[in-house]
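These figures come from a predicted structure and were not determined experimentally.
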Amino acid sequence: MGKIASGIKDHKQSLKRRARNRHVRATVKTFVKSVHEGMKESAAKGAESLDKASSVIARAGSKGVIHKKTASRKIARLAKAVHKAAKPA
């Protein structure tokens, strides 16, 4: 960390951004895990948790915490897995 005031301020801001981004990424992981656990229980439970997870992932993508295309890819893969699990075998 620098001794110049602007450098100190930049460092403080980067720490705040890092903490916020880590929290959002952890939340995304938690919601993704809940989709997978919901799919194990029932297709309806998986679909319900997919709605919540896709909202959280899309918000993280729009805020720049994760890349927009990464968010889109995660949502698409989760949706594909849920729909595949919902199909009768």
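- Across all their heavy atoms, Ala60 and Val24 have their closest contact at CB-CG1, 3.6 Å.
- Listed here is the closest heavy atom pair of Ser34 and Ser49: O-OG, 3.7 Å.
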Report task. Run the numbers on Ser14 and Arg17 for side chain to side chain contact (heavy atoms under 4.5 Å, CB included), then give the verdict. Result -> CA-CA 5 Å; Ser14 73; Arg17 282 193 299 268; 3.9 Å; yes
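- Taking both residues in full, the closest heavy atoms of Val35 and Ala53 are given as CG2-CB, 3.6 Å, listed atom of the first, atom of the second, then distance.
- Taking each heavy atom of Ser54 and Ile75 in turn, the nearest pair found is O-CD1, 3.5 Å.
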**Report entry** Stepwise side chain to side chain contact (heavy atoms under 4.5 Å, CB included) test for Lys33 and Lys29
**Finding:** CA-CA 6 Å; Lys33 189 190 288 187; Lys29 286 181 185 179; over 6 Å; no
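- Put simply, NZ on Lys16 and CZ on Arg20 are 8.5 Å apart, with the number rounded to the nearest 0.5 Å.
- Distance CG/Leu50 to NE2/His83: 6.5 Å, rounded to 0.5 Å.
- Closest approach of Leu78 and His36 over heavy atoms only: CD2-NE2, 3.9 Å.
- Taking NZ from Lys40 and NZ from Lys45, the interatomic distance works out to 14.5 Å, rounded to the nearest 0.5 Å.
- Contact detail for Lys68 and Gly61: the closest heavy-atom pair is CG-O, 3.5 Å.
- For Ser55, the side chain to side chain donor-acceptor pair (under 3.5 Å) partners are Arg59, not counting sequence neighbours.
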**Report entry** Stepwise side chain to side chain contact (heavy atoms under 4.5 Å, CB included) test for Val56 and Thr30
**Finding:** CA-CA 10 Å; Val56 170; Thr30 303; over 6 Å; no
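- Here the NE2-CD1 distance, from His11 to Ile8, works out to 9.5 Å after rounding to the nearest 0.5 Å.
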